[in-house]
Amino acid sequence: FPPDAPLAAPPDIRVAVPRELPDLAPAWRGPFREACDRLAHDGVELVEIDLTPFLRAARLLYDGALVAERHEAVGAFVDEHLRLGDQSVDPTVAGIIAAAGALPATALLRDRVTLADLTAAALAELGDCHALLVPTTTDHPTIAEVNADPVGVNSRLGTYTNFCNLMDLCGVSVPRGTAPDGAQFGVTVLARA
């Protein structure tokens, strides 16, 4: 920790919450609102913000050239296993990593600039709030749904968290109970690193 890092919550806490909750399962909207109401009841000031720059950055993780960094990290390993016909690498992961090796450097540079712009906009939206409260995920898919569309399902599940590492945010997910559909529900508290 830097010497000036706050190690306790300030006396007057301001927490940002999304104005809109795209892709969140309808049964989970109530439990999220209850989590917000609990914070407000406990004296936390809630500030509604536009999550658009956060969500646009999250899409870069799956739809942009930032995936090229994954190829740089493990591409040689994946490419070698694919060349040998080795089935020990998950085919979905292998497909993503292998395709990332063909992305042009200009696309990666463009997406890094876009990410920097989106991060600046997101942090400006966060303003003087101490944290951002979001649902941990959007729903609980079935195994069949994951098998049918692993990339799409994982992208949707990370709607509210895929931007975190990209924007150098820290976070912790905490259980919040059970939604009316019987699924366990959690919230994630995010903050600047």
Side-chain angles (χ1 to χ4, degrees), residues 1-2 4-64 66 110-141 145 151-193:
F1 290 105
D4 62 344
L7 300 178
D12 298 316
I13 302 171
R14 292 174 47 92
V15 173
V17 295
R19 188 171 296 127
E20 295 180 13
L21 296 166
D23 295 327
L24 187 64
W28 292 20
R29 292 177 184 276
F32 183 74
R33 174 56 30 211
E34 290 168 12
C36 294
D37 292 345
R38 173 68 187 266
L39 285 175
H41 178 267
D42 290 343
V44 173
E45 180 184 353
L46 299 181
V47 179
E48 286 190 348
I49 66 166
D50 179 11
L51 218 55
T52 301
F54 295 91
L55 300 177
R56 286 185 57 210
R59 284 192 294 278
L60 288 174
L61 190 62
Y62 282 88
D63 300 335
L66 298 178
R110 179 195 64 234
D111 282 356
R112 284 185 176 169
V113 169
T114 300
L115 176 59
D117 292 344
L118 290 170
T119 299
L123 294 181
E125 190 68 31
L126 195 56
D128 64 350
C129 290
H130 300 99
L132 169 62
L133 184 75
V134 293
T136 296
T137 190
T138 56
D139 62 357
H140 287 293
E145 289 171 323
V151 174
V153 168
N154 278 286
S155 177
R156 186 182 77 244
L157 290 174
T159 296
Y160 298 107
T161 55
N162 283 340
F163 55 82
C164 296
N165 286 346
L166 297 176
M167 293 183 169
D168 195 29
L169 300 176
C170 63
V172 62
S173 176
V174 293
R176 183 61 187 109
T178 304
D181 61 2
Q184 291 191 353
F185 178 77
V187 294
T188 297
V189 181
L190 302 169
R192 294 169 180 87

* To do: Determine, stepwise, if the pair Asn162 / Leu166 fulfils side-chain contact (heavy atoms from CB on, under 4.5 Å).
  => CA-CA 8 Å; Asn162 283 340; Leu166 297 176; 5.9 Å; no
If you draw a 6.0 Å radius around [atom1] in [X], do more than 12 non-hydrogen atoms from other residues or ligands fall strictly inside?
X	atom1	value
Arg56	CZ	no
Gln184	CD	no
Asn165	CG	no
Asp42	CG	yes
Arg38	CZ	no

Give me the atom names and distance for the closest heavy-atom approach of [X] to [Y].
X	Y	result
Val15	Cys129	C-SG, 4.2 Å
Asp50	Thr52	OD1-OG1, 2.6 Å
Leu21	Tyr160	C-OH, 2.9 Å
Arg156	Pro141	NH2-CB, 4.0 Å
Ala27	Ala179	O-CB, 3.9 Å
Thr159	Leu55	O-CD2, 3.4 Å

* Verdict with reasoning, Leu132 to Leu51, per side-chain contact (heavy atoms from CB on, under 4.5 Å) -> CA-CA 10 Å; Leu132 169 62; Leu51 218 55; 4.1 Å; yes
[X] side chain near [Y] side chain, heavy-atom distance below 4.5 Å:
X	Y	result
Pro18	Phe32	yes
Leu169	Leu123	yes
Ile49	Phe54	yes

Atom [atom1] of [X] and atom [atom2] of [Y]: how far apart are they, to the nearest 0.5 Å?
X	Y	atom1	atom2	answer
Leu126	Met167	CG	CE	10.0 Å
Leu60	Arg112	CG	CZ	12.0 Å
Thr136	Leu157	OG1	CG	11.5 Å
Arg192	His130	CZ	NE2	9.5 Å
Leu133	Cys36	CG	SG	5.0 Å

* To do: For side-chain contact (heavy atoms from CB on, under 4.5 Å), just list the numbers for Leu118 and Phe163, CA-CA rounded to whole Å, side-chain angles, deciding distance to a tenth of an Å, and then say yes or no.
  => CA-CA 10 Å; Leu118 290 170; Phe163 55 82; over 6 Å; no
* Single hit among Thr138, Asp181, Thr137 for side chain to side chain donor-acceptor pair (under 3.5 Å) with Trp28 ->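 Exactly one pass, corresponding to Asp181.
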* Give a yes or no answer on whether the side chain of Thr188 reaches the backbone of Pro135 with a donor-acceptor pair at less than 3.5 Å. =>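 No.
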* To do: Without swapping roles, check the side chain of Thr119 against the backbone of Leu115 for a donor-acceptor pair under 3.5 Å.
  =>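 Confirmed, Thr119 side chain pairs with Leu115 backbone.
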* Asked: Step by step, would you call Glu45 with Asp12 a side-chain contact (heavy atoms from CB on, under 4.5 Å)?
  -> CA-CA 8 Å; Glu45 180 184 353; Asp12 298 316; over 6 Å; no
